[in-house]
Amino acid sequence: MLIVKNIRLSRILRNTWQIDLIMIFSCTGAYLTRAFLIKHNFVVPSIIPTVLGTAIAFFIGFNNNQAYDRWWEARKIWGALVNDSRSWARSVITYISQNEISNQEFKALTDRMVRRHIGFLYALKAKLRDAVDENYQQYLDEADLKEINLHSNVHNAILTLQSRDLQQLSKDGLIDGFRFMELNKLLVNFSDHMGRAERIKNTVFPTTYNYFTKVFIWLFVVSLTLVISHEAGVWAIFIGWLVGFVFVSTQINGMSLIDPFENNSSSVPLNQITRTIEINLLEMIGAEKIPAPVKPINDEYIL
């Protein structure tokens with residue numbers, strides 16, 4: 001996620017230089033076509049770029065709005081995971097009765113359930129980013145690892161282990177019915193957050209939206225260059241590119257938000273969020289080794 005208020009021109013050009021070259025060649029071709037082929041035979045009506053520009057503005061506005069909705073929903077999901085994760089750790093620590101077990105057994109039980117949840121977060125993050133991230137393994141014991149290796153959905157398997165332990169706590173009388181329901185509600189919330197995130201990840205943004213917008217921008221740039229070339233001369237190439245650059249940059253800005261879980265500067269900062277939860281939960285159980293917060297890259301963005 002970008003954290004700077006002003007975007008560097010170098011970043012913009014780095015993301016658009018290929019399309020810029022295509023537009024420059026297209027504008028040059030349009031100018032030469034009019035100058036040497038159709039100058040005395042045909043006049044391109046100015047209504048064409050006018051109508052195309054209006055239509056493209058609607059297309060880009062709609063696409064960017066839908067893309068931002070996907071990004072914002074993803075951010076809300078992980079914001080909810082932050083809140084529910086803290087509630088889970090606090091509830092595990094305070095709800096489980098210490099009257100029936102020793103302090104050592106209580107410490108081991110709460111540590112296991114809290115650390116296992118951190119493993120759930122890392123496993124979910126890795127799945128959403130299509131990455132091989134084995135950080136979750138350090139928060140699971142050998143028995144847990146042996147069981148979840150039988151599942152293709154690791155984070156869902158971890159929730160199953162949590163639910164099983166919760167049921168055992170209720171059976172052993174370490175939590176009453178009300179506290180069991182509250183803890184189980186949090187597990188249901190984790191499953192809901194997981195499902196919503198997977199829905200965004202697995203739902204492809206309609207390809208035709210992006211494709212036709214690119215085609216229409218190209219047609220607009222070419223027609224605009226043809227129309228203004230008789231007045232601007234060779235400068236029509238630069239003007240056509242400049243106007244097209246505005247449309248292309250706006251469209252690329254929106255498309256960068258389509259997949260909010262990608263590991264890039266525009267995505268939801270899953271590394272930072274997961275690390276924040278990890279730090280909070282480890283502090284709550286009194287862990288000795290606390291990892292450092294995730295730092296911004298070049299003071300520009302955070303992953």
Less than 4.0 angstrom from a charged side-chain N to a carboxylate O is my criterion; do R115 and D141 meet it?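 The answer is no: the pair does not qualify as a salt bridge.
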Under a 4.0 Å threshold between the charged nitrogen and the carboxylate oxygen, would R70 count as salt-bridged to D259?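 Looking at R70 together with D259, the answer is no, because their closest N to O distance does not fall below 4.0 Å.
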I'd like to check [X] versus [Y] (side-chain heavy atoms, cut-off strictly below 4.5 Å). Are they in contact?
| X | Y | result |
| --- | --- | --- |
| E147 | L161 | yes |
| E283 | I290 | yes |
| I277 | R86 | no |
| L124 | W78 | yes |
| E278 | P291 | yes |
| L81 | I273 | no |
| R75 | P260 | no |

Indicate the atoms forming the closest heavy-atom contact of [X] with [Y], along with that distance.
| X | Y | answer |
| --- | --- | --- |
| A236 | I228 | CB-CG1, 3.7 Å |
| I96 | T110 | CD1-CG2, 4.2 Å |
| I279 | A292 | CD1-C, 4.1 Å |
| Q162 | M113 | NE2-O, 2.9 Å |
| G240 | T225 | CA-OG1, 3.8 Å |
| I158 | A123 | CD1-CB, 4.3 Å |

So does [Y] get a backbone contact from the side chain of [X], meaning a donor-acceptor N/O pair under 3.5 Å?
| X | Y | value |
| --- | --- | --- |
| T274 | N271 | no |
| T160 | N156 | yes |
| N64 | N253 | no |
| R179 | Y95 | yes |
| K214 | V248 | no |
| N149 | L145 | yes |
| S229 | L226 | yes |
| S267 | N263 | no |
| D172 | L174 | no |
| T203 | I200 | no |

Common cluster, [X]/[Y], ILVMFWY with side-chain heavy-atom separation under 4.5 Å:
| X | Y | result |
| --- | --- | --- |
| F178 | L166 | no |
| I56 | Y211 | yes |
| V246 | F62 | no |
| I22 | V221 | no |
| L186 | V188 | no |

For the atom pair [atom1] ([X]) and [atom2] ([Y]), what is the distance rounded to the nearest 0.5 Å?
| X | Y | atom1 | atom2 | result |
| --- | --- | --- | --- | --- |
| K171 | F180 | NZ | CZ | 13.0 Å |
| I77 | L128 | CD1 | CG | 9.0 Å |
| D165 | L183 | CG | CG | 11.5 Å |
| T213 | W218 | OG1 | CH2 | 15.5 Å |
| L257 | E262 | CG | CD | 12.0 Å |
| I258 | N63 | CD1 | CG | 7.0 Å |

Go through the steps for L159 and M194 under the test side chain to side chain contact (heavy atoms under 4.5 Å, CB included), then give the verdict. CA-CA 10 Å; L159 288 184; M194 175 183 69; 4.2 Å; yes
Can you label the angle between the Y68 ring and the W71 ring as parallel, tilted or perpendicular, going by 30° and 60°?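 Judged by the thresholds at 30° and 60°, the geometry between Y68 and W71 is parallel.
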Once you measure the plane-to-plane angle for W88 and F190, does it fall in the parallel (<30°), tilted (30-60°) or perpendicular (>60°) bin?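 Taking F190 first and then W88, their aromatic rings stand perpendicular (interplane angle over 60°).
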Please tell me whether F59 and F212 form a close aromatic pair, meaning their ring centres lie under 6.0 Å apart.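 No - the distance between ring centres of F59 and F212 does not fall below the 6.0 Å cut-off.
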Any luck finding a side-chain donor-acceptor pair between Q251 and N210 under 3.5 Å?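 The answer is yes; a qualifying pair exists.
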Under the criterion side chain to side chain contact (heavy atoms under 4.5 Å, CB included), I'd like the reasoning laid out for R112 against L109: C-alpha separation, chi angles, the key distance, then a yes or no. CA-CA 5 Å; R112 182 174 73 249; L109 178 60; 3.2 Å; yes
Check the pair E73, K76 against salt bridge (charged side-chain N to carboxylate O under 4.0 Å, His left out), reporting the backbone distance first and the verdict last. CA-CA 5 Å; E73 182 180 2; K76 289 193 294 184; over 6 Å; no
